[in-house]
K.L.:
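Below: one structure in structure tokens.
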Amino acid sequence: MNKLKTISLFFILTLPFALMITFPYYSKILFNTFRKDLFLYIAATFVLTFLWWLHSLAIFFESIKSKEILIKLNKAKFFIYFSALAILLLIIPEVIPKILEIFPRIQLLSFLLLIPSSFTNFYIIIKLATSLNSIEKGKYVTTSESVKEILSFWFYPLGIWNIQPRILKLSSINLKDNNN
């Protein structure tokens with residue numbers, strides 16, 4: 001069952017990524033031109049799906065009750081919301097063109113938010129990776145001790161095969177502890 005959950009999560013997270021990477025080729029074949037609007041929708045779906053997964057992990061890690069460590073990911077969750085807002089502000093003018101008449105600088109605002117959003121994504125991934133490692137080991141770990149997890153989160157189409165079974169194991173342990 002755990003393997004099935006990992007495979008389904010792999011497809012949920014990597015299908016938008018694969019579509020985004022291959023879309024320029026399919027766009028030329030299907031439409032004889034590059035469709036920027038469709039590409040933005042696919043890219044936004046990819047990024048928002050990935051942020052949704054990171055947010056669900058942050059909530060899960062905070063919910064694990066341990067005597068040894070206390071995981072607080074409020075800043076990471078805020079940065080996830082910040083990144084999602086930047087992506088949505090980028091997409092809104094494509095969905096509702098009239099918004100540009102009301103807020104002509106909305107695209108500039110979205111680009112200004114995307115710059116710090118890129119750096120906050122590093123923080124989110126590092127924080128979640130060290131939290132995963134800390135929960136598994138039962139003690140606080142440093143970033144240098146969590147390099148494998150950081151790379152797994154960063155290159156998630158491959159890293160998900162390392163990360164998700166560990167999360168499912170923590171989930172089953174957490175359920176057993178809550179039932180006792």
Side-chain angles (χ1 to χ4, degrees), residues 9-28 31 33-62 71-134 140-160 162-164 167:
L9 186 64
F10 172 76
F11 282 115
I12 288 170
L13 290 174
T14 56
L15 188 61
F17 177 71
L19 282 173
M20 184 182 74
I21 296 297
T22 58
F23 182 76
Y25 304 109
Y26 292 122
S27 179
K28 286 281 197 183
F31 307 113
T33 184
F34 178 69
R35 294 276 312 266
K36 177 186 156 199
D37 57 338
L38 290 177
F39 181 75
L40 283 175
Y41 298 146
I42 294 169
T45 303
F46 158 63
V47 173
L48 292 174
T49 305
F50 184 62
L51 290 173
W52 160 78
W53 180 58
L54 294 178
H55 184 263
S56 64
L57 289 180
I59 291 172
F60 173 66
F61 290 161
E62 283 185 337
I71 301 294
K72 285 289 189 191
L73 296 170
N74 293 335
K75 196 185 301 183
K77 287 192 290 187
F78 171 77
F79 288 147
I80 291 170
Y81 300 139
F82 182 81
S83 296
L85 176 67
I87 294 298
L88 290 175
L89 284 176
L90 186 66
I91 296 300
I92 286 173
E94 293 293 327
V95 177
I96 310 168
K98 287 205 174 255
I99 198 104
L100 287 172
E101 296 171 10
I102 301 168
F103 302 109
R105 304 249 184 221
I106 195 167
Q107 288 179 321
L108 176 64
L109 177 64
S110 68
F111 284 120
L112 290 176
L113 289 177
L114 281 174
I115 294 168
S117 172
S118 304
F119 295 105
T120 60
N121 290 336
F122 289 122
Y123 174 81
I124 294 165
I125 287 173
I126 289 170
K127 191 68 176 167
L128 287 175
T130 55
S131 297
L132 173 63
N133 211 358
S134 295
Y140 290 107
V141 297
T142 62
T143 305
S144 60
E145 294 176 281
S146 302
V147 172
K148 180 181 172 188
E149 289 81 9
I150 291 169
L151 291 174
S152 293
F153 274 105
W154 192 251
F155 300 106
Y156 80 90
L158 299 174
I160 198 167
N162 175 29
I163 296 169
Q164 195 60 26
I167 292 169

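Only heavy atoms go into these numbers, but all of them, side chains included; no hydrogens, no water, no symmetry mates. Keep in mind that this is a model prediction, so the values were computed, not measured.
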K.L.:
When the ring planes of Trp53 and Phe153 are compared, do they come out parallel, tilted or perpendicular, using 30° and 60° as the limits?
P.N.:
tilted

K.L.:
Could you tell me whether the side chain of Pro116 reaches within less than 4.5 Å of the side chain of Phe82, counting heavy atoms only?
P.N.:
yes

K.L.:
Any idea which heavy atoms bring Tyr81 and His55 closest together, and the distance?
P.N.:
OH-NE2, 2.7 Å

K.L.:
Does the side chain of Phe31 reach to within under 4.5 Å of the side chain of Leu38, using non-hydrogen atoms?
P.N.:
yes

K.L.:
Could you state the interatomic distance from CG (Asn121) to CG (Leu51), rounded to the nearest 0.5 Å?
P.N.:
6.0 Å

K.L.:
Enter the distance from Ile150:CD1 to Glu145:CD here, rounded to the nearest 0.5 Å.
P.N.:
11.0 Å

K.L.:
So which atom in Met20 and which in Phe39 form the shortest heavy-atom distance, rounded to 0.1 Å?
P.N.:
O-CE1, 3.3 Å

K.L.:
Kindly write out the residues that satisfy salt bridge (charged side-chain N to carboxylate O under 4.0 Å, His left out) with Lys98, not counting sequence neighbours, or none if the list is empty.
P.N.:
none

K.L.:
Taking Pro24's backbone N and O only, do any of them form a donor-acceptor pair with Ser27's side chain (distance below 3.5 Å, no angle check)?
P.N.:
no

K.L.:
If you take all heavy atoms of Val147 and Ser144, which pair is closest and at what distance?
P.N.:
CG2-O, 3.4 Å

K.L.:
Output the distance between atom CD1 (Ile106) and atom CG (Leu89), rounded to the nearest 0.5 Å.
P.N.:
5.0 Å

K.L.:
Counting only heavy atoms not in Phe111 (residues, nucleotides, ligands), do more than 12 fall under 6.0 Å from its CZ?
P.N.:
no

K.L.:
Using modelled atom types only, decide if a donor and an acceptor are shared between the side chain of Glu149 and the backbone of Ile163 within a distance under 3.5 Å.
P.N.:
no

K.L.:
So how far is it from Ile124 CD1 to Lys127 NZ, rounded to the nearest 0.5 Å?
P.N.:
12.5 Å

K.L.:
Using the side chain to side chain contact (heavy atoms under 4.5 Å, CB included) rule, take Thr120 and Ser117 through it: C-alpha gap first, then chi angles, then the decisive distance, then the call.
P.N.:
CA-CA 5 Å; Thr120 60; Ser117 172; 4.3 Å; yes

K.L.:
List, one per line, each side-chain donor-acceptor pair under 3.5 Å for residues 43-50, sequence neighbours excluded.
P.N.:
{"unit_1": "Thr45", "atom_1": "OG1", "unit_2": "Tyr41", "atom_2": "O", "d": "2.7"}
{"unit_1": "Thr49", "atom_1": "OG1", "unit_2": "Thr45", "atom_2": "O", "d": "2.5"}

K.L.:
Does atom OH of Tyr25 have more than 12 heavy-atom neighbours from other groups under 6.0 Å away?
P.N.:
no

K.L.:
Would Asn162 and Lys148 count as a side chain to side chain contact (heavy atoms under 4.5 Å, CB included) if you check the C-alpha gap in whole Å, the side-chain angles of each, and the deciding distance to 0.1 Å?
P.N.:
CA-CA 9 Å; Asn162 175 29; Lys148 180 181 172 188; 3.6 Å; yes

K.L.:
Considering residues at least two apart in sequence or located in another chain, which fulfil the side-chain hydrogen bond (donor to acceptor under 3.5 Å, both in side chains) criterion with Thr130?
P.N.:
none

K.L.:
Which value, rounded to the nearest 0.5 Å, describes the distance between Ile92 atom CD1 and Ile87 atom CD1?
P.N.:
11.5 Å

K.L.:
Once rounded to the nearest 0.5 Å, what's the spacing between atom CD1 of Ile125 and atom CZ of Phe155?
P.N.:
9.5 Å

K.L.:
Going by the side-chain contact (heavy atoms from CB on, under 4.5 Å) test, name the single residue among Leu88, Leu90, Leu85 that passes it with Ser110.
P.N.:
Leu90

K.L.:
Are more than 12 heavy atoms, taken from residues, nucleotides or ligands other than Tyr26, located less than 6.0 Å from that residue's OH atom?
P.N.:
no

